[in-house]
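Scroll down for the structure; my scribbles are underneath it.
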Amino acid sequence: MSNSENTPGKDFIRAIVAEDLASQKHGGRVVTRFPPEPNGYLHIGHAKSICLNFGVASENTGGICYLRFDDTNPAAEESEFVESIKNDVRWLGFDWGESEHYTSSYFAQLYEYALQLIRAGKSYVCDLSSEEHTAHRGSLSEPGRNSPFRDRSVEENLELVERMRKGEFENGSRVLRAKIDMASPVIAMRDPILYRIHKAPHHRTGSEWCVYPMYDFAHCLSDSIEGITHSLCTLEFTDHRPLYDWVLDELATECHPQQIEFARLNLSYTVMSKRVLRQLVEGEHVTGWDDPRMPTLSGMRRRGYPAEAIRSFCDGIGIAKRDNIIQLERLEFSVREDLNRTAPRVMGVLRPLRVVIENYPEGESEMLPSVNNPEDASAGTRDVPFSRVLYIERGDFLEDPPKKFFRLAPGREVRLRYAYFVTCTDVVKDANGEVVELRCSYDPATRGGDAPDGRKVKGTLHWVSAEHAVTAEVRLYDRLFRVEDPLDVDPGEDFRSNLNPDSLEVLTDCRIEPSVVGAEPGTRYQFERNGYFCVDPDSGDTLVFDRTATLRDSWGKVKKRG
RNA sequence: UGGGGCGUCGCCAAAUGGUAAGGCAGCGGCCUUUGGAGCCGCCAUCUGCAGGUUCGAGUCCUGCCGCCCCAACCA
C-alpha cells in the first residue's frame with residue numbers, strides 16, 4: 001500500500017497470475033491462449049484480448065500464448081477467416097511461433113472424453129426435439145424437467161452415440177447431454193448439450209465428422225489438453241465457469257486451467273458485434289470488412305492506425321470487470337500520439353485555392369528545405385518546390401475574417417511554411433461572386449520563413465506549387481454512427497437508422513507536394529495542419545489517401561464557441 | 001420475480017482498514033515557422049444510497065437502489 005505511491009496496481013488478472021506464480025499453483029508456468037472462432041474478422045475488441053493474453057504470457061519468463069482456432073461449428077466457419085485472423089494477429093505484433101492450434105485437431109480426443117463421460121454415467125443421448133428440449137429447460141425462475149431419455153443405460157448410450165458419430169441419424173434428431181441437474185439455478189448446468197449432429201463439411205476435417213462438440217465441452221478440454229494455466233475470457237462466460245469446472249472435474253483431467261473473466265471492450269459510436277459488422281458488410285453500408293470506417297483490425301490497418309497505437313490503446317484502458325464504453329477519443333489519442341512521433345510531414349492542400357505571387361518571376365521555381373518531422377531530428381529534411389502559382393487551403397482565406405482568425409485576408413501578411421511571407425493584394429471572383437484566385441506579393445527577404453527585420457506574422461499556412469504538385473484523391477472519414485450507442489434504437493428500428501450519412505467524404509481534386517509520388521499503399525504521412533493520412537491500396541496512377549485522424553483543432557473549438 | 005457479475009470525477013482506472021494515483025476529455029496560461037507538438041496549472045472534502053462496526057471505512061457488516069449477463073443443437 002505505502003509503496004504503491006507511484007506504481008499503479010496491475011490489473012486483477014495480472015495480480016492473480018503473479019500470486020499463482022508465487023505459490024507455484026501451476027508449477028510456476030504461465031500458459032494462455034487467444035481462441036477466436038474463425039467466423040468473421042477480428043476487431044479492436046479482440047485486440048484487447050490478444051494484448052492481454054499475449055501480454056500476460058510475455059511478461060512472465062517462460063510464458064507462452066497459443067493461437068487457437070475454436071472451430072467447432074462448421075456452419076459458420078471458413079478458412080478465409082482463419083487466414084485473416086492470422087494476418088491480423090501477426091500485424092498487431094504478436095508471434096505464436098509453432099503454436100498454431102485448432103480445436104478441430106482434438107476432435108478424436110474430445111470424442112474419447114465424451115465416451116468416458118458416458119461410461120461414468122455422466123452423459124446420455126437425448127432424443128428430444130429442439131422444441132421439446134427448450135420446453136424441458138424451464139425458465140429463469142422455474143426449474144427444468146428431466147428428459148425421458150435421461151436414464152438410458154450406459155450400453156445404450158454408448159451404442160447410440162457411436163451411431164450418431166457414424167451418421168446414422170439426421171441433423172437435430174439426437175444430442176449428447178451432460179447429466180447434471182435440471183433444477184440448477186444456473187441454466188448452463190441444466191443438462192447442457194455436449195455434442196450435436198451436423199452433417200456439413202468442416203474447413204479442416206472435411207466430412208470426417210458429423211458430430212461436433214459444443215463450446216462448453218470443447219473449450220475447457222482444449223484448454224486442458226494444451227496445458228493452459230489461465231483461461232481468460234469475457235464476462236458473459238462467467239455463468240459457464242461451473243460447467244467448465246464440472247467437465248474437467250468429472251473427467252479428472254490432469255490439467256485444470258483457471259477460467260478468469262474480464263469485461264469486453266466497447267467503443268462509443270461504434271459497434272463490436274460480429275453479427276452487426278457482417279450486416280454492415282453484406283448490406284453494403286461499408287465497402288468491406290476492411291473499410292477504413294470499420295472497427296476491424298483490417299479496417300484500422302487500412303485507415304492507417306499503427307499496430308503500436310492499438311497496442312498502446314489496449315494497454316492504456318486497463319482490464320477490469322465492470323462494463324465500460326471507452327470514448328472513441330481515447331483511441332484517437334493513442335493513434336495521434338504514435339503518428340506524431342513517427343509520421344513524416346508533408347504539405348497537402350485538400351480544397352485548393354489558386355494563389356498567384358505577382359512579384360515572383362514567371363517561369364521560375366526554387367527548392368525550399370523543409371523539416372520532415374520536428375519530433376524526430378533523424379528524419380532529416382527534404383526540398384519542396386516553390387513557384388509563382390501556388391495552391392493554399394480554401395479555408396485559410398477569408399475575405400471578411402472574424403477576430404482571432406490568423407490566416408490570410410485582404411491586405412494581411414502570413415507565412416507560407418518554410419517559404420516566404422506573402423501579403424494578399426487582390427481577390428479575384430467569378431460571376432457568382434465566388435473567390436477563385438488570390439493575388440499576392442511576397443517578400444524575398446523572408447526566404448525560409450523568417451523576416452530579417454524581426455517582424456512577426458500570426459499565421460503560417462501550408463501550400464503547394466501548382467505546377468509541381470500531384471493531384472490526389474482523399475477520403476475523409478467520420479464516425480460510422482451518429483450516436484454513442486448505435487444499438488440503442490426506437491422500437492421497429494435497427495442500427496441502420498443510426499448510421500452517419502456523412503461518414504465518408506471523397507475529395508478528388510487535392511494537391512500534394514511531389515515528394516509523395518510513388519508512395520506505397522500503407523505509407524503514412526502527416527499533411528501539415530490537416531491531419532494524418534495513409535496511402536490506400538486503391539491507389540493507381542493517382543494516389544488515394546485515407547484520412548487516419550485529424551489533428552487536434554483548437555481553432556475549430558474557438559470557432560464553435562463563436 | 002432464479003442465478004451470476006458490477007457500481008470510485010464526463011469516459012477509463014488505481015487504492016487489498018490508515019485518511020481518494022494516473023490517463024483521456026475539459027478549462028486556463030506559457031511556448032511555437034503546423035491554431036500540431038511540448039510545457040505549467042486547474043479539474044472527486046469524496047467512492048450508488050442508508051445505517052452499523054472501528055481511533056480510523058472506497059475497502060468490513062446489514063439493508064436498500066441501479067446497471068449488465070444467462071432460457072442457440074452459437075461461441
Side-chain angles (χ1 to χ4, degrees), chain A residues 1-2 4-11 15 35-37 39 70 72-73 75-76 126 128-130 133-134 137-144 171-177 183-190 193-198 212 214-216 218-219 233-242 261 263 268 274-275 316-334 336-337 340-341 345 347 370-371 374-375 404-407 415-419 448-450 456-462 526-531 550-559:
Chain A
M1 181 76 209
S2 52
S4 65
E5 203 62 49
N6 298 309
T7 53
K10 47 184 127 199
D11 61 70
E37 181 189 14
N39 69 343
D70 210 353
T72 58
N73 181 11
C126 178
L128 252 25
S129 71
S130 177
H133 186 171
T134 301
R137 188 157 32 222
S139 71
L140 293 181
S141 50
E142 298 160 318
N171 287 352
S173 59
R174 285 181 166 83
V175 293
L176 182 71
R177 292 229 248 168
S184 172
V186 178
I187 291 177
M189 295 295 270
R190 317 241 259 229
I193 295 174
L194 268 21
Y195 268 90
R196 77 285 209 183
I197 301 170
H198 192 82
Y212 291 93
M214 299 288 288
Y215 167 87
D216 286 310
H219 202 90
C233 64
T234 42
L235 252 26
E236 65 271 26
F237 292 101
T238 306
D239 287 347
H240 293 245
R241 182 158 23 95
E261 311 85 16
S268 65
K274 271 193 208 173
R275 178 185 58 84
I317 55 175
I319 300 291
K321 294 190 83 147
R322 71 183 79 99
D323 290 333
N324 62 84
I325 301 176
I326 309 286
Q327 295 175 332
L328 203 51
E329 292 83 346
R330 181 62 185 75
L331 211 209
E332 290 183 333
F333 164 79
S334 293
R336 290 194 185 103
E337 184 186 45
N340 176 51
R341 284 194 337 257
R345 272 57 167 175
M347 289 193 284
S370 306
V371 174
E375 305 296 317
K404 292 200 218 159
F405 181 81
F406 304 149
R407 287 110 99 144
R415 170 169 38 234
L416 295 182
R417 183 146 229 235
Y418 300 129
D450 278 309
K456 301 286 185 200
V457 289
K458 196 74 173 141
T460 300
L461 310 187
H462 60 282
Q526 182 196 106
F527 290 179
E528 295 218 21
R529 302 208 308 133
N530 263 325
T550 60
L551 255 26
R552 286 187 66 227
D553 179 15
S554 48
W555 165 240
K557 279 177 201 160
V558 173
K559 209 166 45 170

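We name chains A, B, ... by the order of the sequence lines, and we start the count at 1 in each one.
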Might you list the N or O atoms of the protein lying below 3.5 Å from N or O atoms in nucleotides 4-7 of chain B, with each pair's distance?
{"residue": "rG4(B)", "atom": "O2'", "partner": "D239(A)", "partner atom": "OD1", "Å": "3.4"}

Could you write out each protein N or O paired with an N or O of nucleotides 72-75 of chain B at a distance under 3.5 Å?
{"residue": "rA72(B)", "atom": "OP2", "partner": "R137(A)", "partner atom": "NH2", "Å": "3.0"}
{"residue": "rC73(B)", "atom": "OP2", "partner": "R137(A)", "partner atom": "NH1", "Å": "3.1"}
{"residue": "rC73(B)", "atom": "N3", "partner": "G172(A)", "partner atom": "O", "Å": "3.3"}
{"residue": "rC73(B)", "atom": "N4", "partner": "L128(A)", "partner atom": "O", "Å": "3.2"}
{"residue": "rC73(B)", "atom": "N4", "partner": "S130(A)", "partner atom": "N", "Å": "3.2"}
{"residue": "rC73(B)", "atom": "N4", "partner": "G172(A)", "partner atom": "O", "Å": "2.8"}
{"residue": "rC74(B)", "atom": "OP2", "partner": "R196(A)", "partner atom": "NE", "Å": "3.1"}
{"residue": "rC74(B)", "atom": "OP2", "partner": "R196(A)", "partner atom": "NH2", "Å": "2.9"}
{"residue": "rC74(B)", "atom": "O3'", "partner": "R196(A)", "partner atom": "NH2", "Å": "3.3"}
{"residue": "rC74(B)", "atom": "O2'", "partner": "N73(A)", "partner atom": "ND2", "Å": "3.1"}
{"residue": "rA75(B)", "atom": "OP1", "partner": "T72(A)", "partner atom": "OG1", "Å": "2.5"}
{"residue": "rA75(B)", "atom": "OP1", "partner": "R196(A)", "partner atom": "NH2", "Å": "3.1"}
{"residue": "rA75(B)", "atom": "OP2", "partner": "Y215(A)", "partner atom": "N", "Å": "3.0"}
{"residue": "rA75(B)", "atom": "O3'", "partner": "D70(A)", "partner atom": "OD2", "Å": "2.8"}
{"residue": "rA75(B)", "atom": "N6", "partner": "H240(A)", "partner atom": "NE2", "Å": "3.4"}

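Annotation for R345(A) and N340(A): closest pair NH2-OD1, 2.8 Å, computed over non-hydrogen atoms. Closest heavy-atom contact between R322(A) and A263(A): O-CB, 3.3 Å. Between A218(A) and T72(A) the shortest heavy-atom distance is CB-CG2, 3.8 Å. Between H133(A) and I193(A), the shortest heavy-atom contact is CE1-CD1, 3.0 Å. Considering every non-hydrogen atom in both V371(A) and E528(A), the closest pair reads O-OE2, 4.4 Å.
Nucleotides rC6(B) and rC12(B) have their C1' atoms positioned 15 Å apart, rounded to a whole Å. As rounded to the nearest Å, rU8(B) and rU59(B) have C1' atoms that lie 11 Å from one another. Taking atom P in both rC11(B) and rC68(B), the straight-line distance is 15 Å, to the nearest Å. On the C1' atoms, rC39(B) is 32 Å away from rU47(B), given to the nearest whole Å. For the P atom pair drawn from rC24(B) and rA13(B), the interatomic distance equals 16 Å after rounding to whole Å. Rounded to the nearest Å, the gap between the P atom of rU45(B) and that of rC9(B) is 11 Å. Rounded to whole Å, the C1' atom of rA20(B) lies 14 Å from the corresponding atom of rC43(B). The separation of rG7(B) from rC46(B), taken at their C1' atoms, amounts to 16 Å, rounded to a whole angstrom.
Residue contacts shown for K274(A) are absent, as no nucleic acid heavy atom lies under 4.0 Å away. As judged by a 4.0 angstrom heavy-atom cut-off over every strand, I325(A) is placed among residues touching the sugar-phosphate backbone only. Among the heavy atoms of the strands lying under 4.0 Å from F405(A) is at least one base atom, whether or not backbone atoms are also near. Among the heavy atoms of the strands lying under 4.0 Å from S139(A) is at least one base atom, whether or not backbone atoms are also near. Residue-level contact check: A320(A) touches the backbone only, with heavy atoms under 4.0 Å from sugar-phosphate atoms and none from bases. Residue L140(A) is classed as a base contact, given a heavy-atom separation below 4.0 Å to a base.
rU32(B) atom P lies 11 Å from atom CZ of R415(A), rounded to whole Å. Regarding E332(A), its CD atom lies at a distance of 18 Å from the P atom of rC11(B), rounded to whole Å. Per the geometry, CZ belonging to R407(A) stands 11 Å off P belonging to rG36(B), to the nearest Å. As a whole-Å value, the separation of N530(A) CG from rG35(B) C1' is 13 Å. One interatomic measurement links the two molecules: CD1 of I187(A) to C1' of rA71(B), which rounds to 4 Å at whole-angstrom precision. Rounding to whole angstrom units, NE2 of residue H462(A) and C1' of rU34(B) are separated by 9 Å. Rounded to whole angstrom, the span from the CZ atom of R190(A) across to the C1' atom of rG2(B) amounts to 8 Å. Computed from coordinates, the E142(A) CD to rG2(B) P distance equals 12 Å when rounded to whole Å.
Judged by closest nucleotide on RNA chain B, Q526(A) is the one of G138(A) and Q526(A) placed further toward the 5' end. Projected onto RNA chain B by closest heavy-atom contact, N324(A) and L416(A) fall at different nucleotides, the more 5' of which corresponds to N324(A).
Listed by chain and number, the residues in a ring-ring contact (aromatic ring centres under 6.0 Å, His included) with Y418(A) amount to none (sequence neighbours excluded). With sequence neighbours excluded, the residues forming a salt bridge (charged side-chain N to carboxylate O under 4.0 Å, His left out) with R241(A) are E261(A), listed by chain and number. For H198(A), the side chain to side chain donor-acceptor pair (under 3.5 Å) test picks out no residue, with sequence neighbours left out. For S130(A), there are no side chain to side chain donor-acceptor pair (under 3.5 Å) partners at least two apart in sequence or on another chain. With sequence neighbours left out, the side chain to side chain donor-acceptor pair (under 3.5 Å) criterion links S139(A) to E142(A). Partners of H462(A) under the ring-ring contact (aromatic ring centres under 6.0 Å, His included) rule, at least two apart in sequence or in another chain, do not exist in this structure. Annotation: ring-ring contact (aromatic ring centres under 6.0 Å, His included) contacts of F405(A) (sequence neighbours excluded): W555(A). By the side chain to side chain donor-acceptor pair (under 3.5 Å) test, T238(A) pairs with no residue at all, sequence neighbours left out.
Between the side chains of R417(A) and T460(A), no donor-acceptor pair is found at a separation under 3.5 Å.
Side-chain nitrogen and oxygen atoms of S334(A) include none within less than 4.0 Å of the OP1 or OP2 phosphate oxygen of rC24(B).
Counting only Watson-Crick and G-U wobble pairs whose two distances sit under 3.5 Å, RNA chain B takes part in these stems of three or more pairs: B:2-7 with B:65-70, B:10-12 with B:22-24, B:26-30 with B:38-42, B:48-52 with B:60-64.
Tested against S334(A) for a side chain to side chain donor-acceptor pair (under 3.5 Å), the candidates R330(A), E332(A), R336(A) yield a single pass: R330(A).
To the nearest 0.5 Å, atoms CD1 (I187(A)) and CZ (R137(A)) are separated by 8.0 Å.
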Treat primed atoms plus P, OP1 and OP2 as sugar-phosphate and everything else as base, then score nucleotides 25-31 of chain B 5' to 3': B for base contact with protein heavy atoms under 4.0 Å, S for sugar-phosphate contact only, - for none. -SSS---
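Looking at the side chain of E375(A), the nearest of the listed nucleotides rU34(B), rG35(B), rA37(B) is rA37(B).
Look at rA72(B): its glycosidic torsion is within 90° of 0, and that puts it in the syn range.
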